[in-house]
Protein chains: 2
Amino acid sequence: MNTADLGLPVDVPSTALFTDHYELTMLQAALKAGTAERRSVFEVFTRRLPNGRRYGVVAGTGRVLDAVENFRFDAGVLGFLRERRIVDEATLEWLSGYRFSGDIWGYPEGEVYFPGSPILRVEGSFAECVLLETVILSILNHDSAIAAAASRMASAAGDRPLIEMGARRTHELSAVAASRAAYVGGFASTSDLAAGFRYNIPTVGTSAHAFTLLHDSERDAFRAQVESMGRGTTLLVDTYDVAEAVRTAVEVAGPELGAVRIDSGDLLLVAHRVRQQLDALGAHRTRILVTSDLDEYAIASLAAAPVDAYGVGTQLVTGSGHPTASMVYKLVARAESADPKAPLRPVAKKSSGGKTSIGGRKWAARRLDADGVAEAEVVGTGPVPAELADRQLLVELVKGGEIVGREPLDAARDRHLAARAGLPLSATQLSRGEPVIPTEYVHLRSGSQ
Amino acid sequence: MNTADLGLPVDVPSTALFTDHYELTMLQAALKAGTAERRSVFEVFTRRLPNGRRYGVVAGTGRVLDAVENFRFDAGVLGFLRERRIVDEATLEWLSGYRFSGDIWGYPEGEVYFPGSPILRVEGSFAECVLLETVILSILNHDSAIAAAASRMASAAGDRPLIEMGARRTHELSAVAASRAAYVGGFASTSDLAAGFRYNIPTVGTSAHAFTLLHDSERDAFRAQVESMGRGTTLLVDTYDVAEAVRTAVEVAGPELGAVRIDSGDLLLVAHRVRQQLDALGAHRTRILVTSDLDEYAIASLAAAPVDAYGVGTQLVTGSGHPTASMVYKLVARAESADPKAPLRPVAKKSSGGKTSIGGRKWAARRLDADGVAEAEVVGTGPVPAELADRQLLVELVKGGEIVGREPLDAARDRHLAARAGLPLSATQLSRGEPVIPTEYVHLRSGSQ
């Protein structure tokens with residue numbers, strides 16, 4: 001079976017190929033050396049937030065679970081690896097039976113994170129864990145970058161709904177994942193039908209300038225739209241002259257007109273004028289939707305303007321300047337054998353160059369102050385201090401290869417709202433600054449746990 | 001049938017859903033108004049290059065052809081649209097027979113472009129063309145952004161090969177398209193197995209820090225790798241101490257060692273030291289591969305360093321600061337009916353706000369100076385001037401719904417090299433500047449062609 005049958009513009013038979021070549025060559029060498037089955041712990045974390053951001057948002061966890069579950073090497077994939085001589089027959093034989101049988105714990109989707117937060121922890125044999133590096137990072141790096149931008153936009157928008165409209169500005173399947181991540185971050189709906197289909201996110205949309213230009217007059221176009229979609233529709237009023245279009249729109253649809261959309265110009269100015277005009281025409285309940293290269297700063301600048309909803313495209317799907325979350329997947333501990341009782345030894349790269357990491361299997365907890373507001377992200381190895389025991393952040397996602405952490409997308413969305421609300425108020429400042437809470441490392445003991 | 005069966009982390013049944021909601025509502029309204037069948041011309045172009053870039057690179061055209069060919073509304077998609085009440089029954093009935101039957105012309109893949117270049121021209125009924133907006137833009141905006149970054153990196157790298165290693169930094173399927181676009185832009189290979197599988201791009205890779213950390217010593221790790229992959233392999237030498245690792249590497253593999261990889265630190269400095277050390281150890285032919293957040297500027301800064309190849313990740317897949325190409329898809333002309341002889345009337349948005357466009361069905365040609373170097377991108381409506389007739393840029397891609405423009409990926413790669421070589425020398429300056437040739441509009445006659 002092949003994705004070509006489905007008319008997808010991609011043709012990839014399994015998540016197992018969302019993998020870097022070196023993962024398979026490492027596997028082959030480790031199998032030959034007898035080290036492949038050593039019990040290992042890999043962790044996903046980031047060394048820094050994007051420049052000036054106050055918090056990160058975990059997104060993509062649900063997609064990671066799907067990808068891990070479907071990570072299998074079928075005959076087509078094995079044939080490709082054999083033909084290209086990427087690995088030897090012994091490795092192909094091993095791969096043919098691949099099924100992740102280890103454990104995954106992680107920050108639940110929608111949770112916030114900080115530098116050093118162990119966002120995902122993958123445990124099993126070196127062989128089974130090392131293969132998951134690329135697909136896990138692809139998903140978490142992309143989706144978390146989008147969710148972080150979405151969250152900033154959503155807090156800037158306050159109670160006004162945000163529509164995700166960026167499909168045309170990113171890869172067609174990134175777009176679907178971006179809609180999902182935006183929803184987790186607080187967006188209300190999407191223009192992307194594939195995201196509606198796949199994730200049940202509400203979809204919205206009415207018309208583009210092309211629709212007005214197709215007709216002999218703007219009035220004809222508005223009439224055609226209202227006849228098809230009813231008076232509650234949203235009419236696009238900036239194809240020719242905004243004031244004339246607003247007048248025509250209310251003439252055609254009456255004061256029951258649902259909304260007008262403005263897609264160009266100085267939105268602050270135009271929104272005020274359009275609101276005045278609508279009110280003067282008696283269309284007091286007609287809403288104003290603005291769309292035009294908005295980002296969180298533009299949204300914030302419109303806070304006092306008579307705007308009812310925002311459509312956001314480019315800046316959302318490109319992470320508002322930070323299209324990837326710079327998470328890494330690192331071996332942090334391993335045993336000398338496959339024996340579950342063999343002690344785990346912390347390991348870490350030590351060379352200079354700023355890419356060091358902290359070895360050891362980690363837990364994480366968020367410490368609160370007396371008012372219940374987060375005051376530190378505490379990351380440690382060894383036992384969890386008693387006072388933090390009920391503030392731990394990692395939850396069980398995969399147990400012995402079985403997915404146990406699935407949840408509805410709305411749970412992640414709700415969690416994000418709650419997590420952001422639990423941060424100090426300065427979390428939602430848009431200006432550049434430090435992470436809103438520090439990361440503290442505790443109880444780092446080498447060689448034991 | 002469903003992509004879930006394939007273990008893809010996405011589940012989208014057809015390219016027809018890579019579509020914004022409003023395209024279907026416009027279709028419904030136009031069907032009802034009797035305007036849906038009006039003969040129409042849409043064009044893809046960009047109003048500007050990313051800040052300071054000298055040229056753009058067309059990429060994704062081959063993927064657009066696949067997407068158009070597979071744009072069908074099957075029972076699953078129609079059921080979704082019905083259940084969500086996105087369009088009415090008459091529209092669903094129309095969609096069930098959808099098959100693009102028009103014509104598409106465009107810049108061939110790998111060609112360079114400038115502001116206003118009509119990169120793609122889609123002609124047919126309004127109904128059949130309007131539906132393709134989102135999927136066409138998604139593909140061209142993403143792929144062209146990556147190819148433009150790749151092209152700058154490739155020209156900075158000169159004869160040294162570039163390896164695309166960014167899969168982990170972007171959506172797992174963007175990554176596949178990014179590898180493809182990077183190859184068009186001049187990269188030699190990729191780490192992404194899915195890209196190797198789908199597009200037959202050479203894949204490469206050997207080992208990560210985790211492999212060294214898995215073993216009891218760096219020597220053990222190197223020995224395991226050499227035993228598995230031979231002396232021609234690439235050993236990663238910056239897990240602990242680079243100088244010690246290089247010594248160990250040559251001891252283990254001998255002077256026949258294929259290459260060493262450096263992934264951190266001041267690459268300029270480290271590369272010089274490693275080269276001296278390798279030469280002192282007699283490993284004169286051992287190559288040096290560097291990888292560590294490289295972009296075109298870092299690559300250029302290493303031009304005089306003893307580096308043999310570059311691996312590029314984040315900055316490639318994020319378009320080196322410009323992850324999307326800002327192309328738009330605009331109705332530029334339409335007739336009053338479906339009659340192929342009915343005259344096309346140029347149309348364009350006229351409102352203020354900087355988003356105006358130029359109406360009319362366009363041709364484009366690249367004018368050369370006496371030395372055969374490009375001196376202007378000439379875009380026009382109406383007849384093509386005789387002196388530009390053999391310099392026209394648009395080629396036929398789809399004819400009456402049949403794909404006629406397919407070509408091997410290497411053709412696009414070769415074309416890009418030739419197209420870039422035909423630009424003035426300042427094209428490959430990395431510093432910010434204006435587009436390297438101006439776009440001239442000629443013969444703009446309103447209301448006729």
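First the proteins, then the strands, lettered A, B, ... as listed; each starts at 1. Values below: every heavy atom of this structure, side chains too, minus hydrogens, waters and symmetry copies.
Interface summary for chain B: among A:Ile86, A:Asp192, A:Val204, A:Ile136, the most heavy-atom pairs under 4.5 angstrom belong to A:Val204. In terms of non-hydrogen atom pairs under 4.5 Å with chain A, the most contact-rich of B:Val270, B:Leu213, B:Asp220 is B:Leu213. Ranked by heavy-atom pairs under 4.5 Å with chain A, the list B:Thr170, B:Val328, B:Val317 is led by B:Thr170. Taking A:Arg84, A:Glu83, A:Met327 one by one and counting their heavy-atom pairs under 4.5 Å with chain B, the maximum is reached by A:Arg84. Here B:Asn141 is the residue among B:Asn141, B:Leu31, B:Val226 with the most heavy-atom pairs under 4.5 Å with chain A. Of the listed residues (B:Val64, B:Leu24, B:Asp88, B:Asp216), the one with the most heavy-atom contacts under 4.5 Å to chain A is B:Asp216. Your options are B:Asp20, B:Thr324, B:Thr19, and the one with the most heavy-atom pairs under 4.5 Å with chain A is B:Asp20. Taking chain B as the reference chain and counting heavy-atom pairs below 4.5 Å, the highest number among A:Thr25, A:Leu193, A:Leu137 is found for A:Leu193. No other option in A:Arg180, A:Met229, A:Glu69, A:Met165 has as many heavy-atom pairs under 4.5 Å with chain B as A:Met229. Note on A:Thr134, A:Thr318, A:Leu331, A:Thr206: by heavy-atom pairs under 4.5 Å with chain B, the leading option is A:Thr206. Residue with the most contacts toward chain A among B:Arg38, B:Gln225, B:Gln28: B:Arg38 (heavy-atom pairs, distance under 4.5 Å).
Heavy-atom distances place no part of B:Leu267 under 4.5 Å from chain A, backbone and side chain included. Contacts between A:Ala335 and chain B at a heavy-atom distance below 4.5 Å are absent for every atom of the residue. Only the side chain of B:Ser40 comes within contact range of chain A, judged by heavy atoms closer than 4.5 Å. Heavy atoms closer than 4.5 Å to chain B are found nowhere in A:Leu140, neither backbone nor side chain. For A:Phe42, the part sitting under 4.5 Å from any heavy atom of chain B is the side chain, from C-beta outward, and nothing else. For A:Ala175, no part sits under 4.5 Å from any heavy atom of chain B, backbone or side chain. For A:Thr314, the part sitting under 4.5 Å from any heavy atom of chain B is the side chain, from C-beta outward, and nothing else. Of the atoms belonging to A:Glu23, it is side-chain heavy atoms, and not backbone ones, that fall under 4.5 Å from chain B. For B:Ala348, the part sitting under 4.5 Å from any heavy atom of chain A is the backbone (N, CA, C, O) and nothing else. Both the backbone and the side chain of B:Phe211 have a heavy atom closer than 4.5 Å to some heavy atom of chain A. Contacts of A:Arg72 with chain B are absent, with no heavy-atom separation under 4.5 Å from either backbone or side chain.
Proximity of B:Thr15 to A:Glu172: side-chain heavy atoms (C-beta onward) are nowhere separated by under 4.5 Å. Put simply, the side chain of A:His215 does not reach to within 4.5 Å of the side chain of B:Val347, judged on heavy atoms.
Using modelled atom types, one finds no donor on one side chain facing an acceptor on the other under 3.5 Å when comparing B:Thr212 with A:Lys349. In this structure, a donor-acceptor pair under 3.5 Å is absent between the side chains of A:His142 and B:Ser174. Judged by distance alone, the side chains of B:His21 and A:Ser191 never bring a donor and an acceptor atom under 3.5 Å apart.
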Test A:Asp238 against B:Lys350 for salt bridge (charged side-chain N to carboxylate O under 4.0 Å, His left out), laying out the working first.
CA-CA 8 Å; A:Asp238 70 343; B:Lys350 280 173 193 155; over 6 Å; no

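Here the straight-line distance linking atom CG of A:Leu236 with atom CE of B:Met26 works out to 9.0 Å at 0.5 Å rounding. Note: B:Phe80 CZ to A:Arg198 CZ = 12.5 Å, rounded to the nearest 0.5 Å.
Side chain of A:Lys32 to backbone of B:Ala224: no donor-acceptor contact under 3.5 angstrom is found. Here the side chain of A:Arg169 pairs no donor or acceptor atom with the backbone of B:Ser138 at under 3.5 angstrom.
A salt bridge links A:Arg168 with B:Glu133; the closest basic N to acidic carboxylate O contact falls under 4.0 Å.
The two residues B:Phe18 and A:Ala194 have their closest heavy-atom pair at CD2-CB, 4.0 Å.
Partners of B:Glu336 according to the side chain to side chain donor-acceptor pair (under 3.5 Å) rule, which considers only residues two or more places apart in sequence or in another chain, are B:Arg334. Not a single salt bridge (Lys or Arg N to Asp or Glu O under 4.0 Å) links B:Glu218 to another residue, sequence neighbours left out.
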